[in-house]
Amino acid sequence: MINFSQAIVRTPGRSLVSGLSGTPGAKPVYEKALEQHQAYSEALQQCGLNVTCLPCLEEYPDSVFVEDAAVVFKDLAIVTAPGAPSRAGEVDAISSLLTELFPRITQISAPGKLDGGDVMMTEGCCYVGMSQRTNKNGAEQLFKALVDYGFAGEVVPVSGLLHLKTGITWLGEDQFIATGIHLQQEQFQGYKLLEVSAEQAGAANCIAINDKILMAAGFANVRRQLETLGREIIEVDISEFAKIDGGLTCLSLRF
Ligand code: CIR
């Protein structure tokens, strides 16, 4: 079981419609995104989390994806160095809250680049995706920061998807849910992999919290498979965020 008690989210601004997207012309409908964001926060509360909601930042269209700006674990917050130039300033906007909440704080610095969406932490291992947004130097800085916490560090190739956790997420113990190249990667053989087809790839980004699993709405086949794990499944509609490549994990920091 993955135990958390707190989450941080950020209200989307109207500028969300100009968020970075791999799909040309994809534009979230702002009012719908606001409703979905509210429902997402409520789902986190339903999982037992106390949710802190930060105000929107119109100058950063992608700032609703708070997961990319920091990695948090126990008493440590690591402020990242987002790989997209338009997102670089998001880290300053979250640092002061992190300083209040976490006794230890550190920062990934140039030439390191790291998006939180590329960081998947399991019980003893911190996997970092080598996506377009994250580089080896960024991963090494993160591994160094986590050494005191007993984590092994491993880099994982990412291809065809935005971040590592777009394609694979940890559901606790020896269970992952994955799609695409992650199904074949050597690192994950020997674990239980719940297989998601390329057509359903949006379902590979789940959040296991306490005794529940949050999944993106609209993937009935994957839901049936998840149900076999014996945990309560909560579906959350994030269609507006998915238009600009956002998944469930990227909308919050959980600790
Ligand atoms: C971006 O391209 O940066 C945003 N439009 C989506 C970020 C999604 N973040 C994540 O998966 N961790």
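In each ligand, atom 1 is the first atom listed, and ligand 1 is the first ligand listed.
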> Which ring pair (Phe, Tyr, Trp, His ring centres under 6.0 Å) pairs, counting each pair once, include a residue from residues 2-28, with sequence neighbours left out?
Replying inline: none
> Between Phe188 and His182, what is the ring plane arrangement, given parallel below 30°, perpendicular above 60°, and tilted in between?
Replying inline: perpendicular
>> Checking side chain to side chain contact (heavy atoms under 4.5 Å, CB included) between Ile8 and each of Val72, Leu98, Leu49, which is the one that passes?
In response: Leu98
> How about Gln46 and Glu42: does a side-chain donor come under 3.5 Å of a side-chain acceptor?
Replying inline: no
>> Residues around ligand 1, heavy atom under 4.0 Å from any ligand atom, sorted by chain and number. Can you pull those?
In response: Leu20, Asp62, Phe65, Glu67, Asp68, Arg87, Gly117, Arg133, Leu162, His163, Ile244, Asp245, Gly246, Cys250
> Can you tell me if Thr122 uses its side chain to pair, donor with acceptor, with the backbone of Cys125 under 3.5 Å?
Replying inline: yes
>> Using 0.5 Å steps for rounding, measure from the CD atom of Glu58 to the OG atom of Ser18.
In response: 9.5 Å
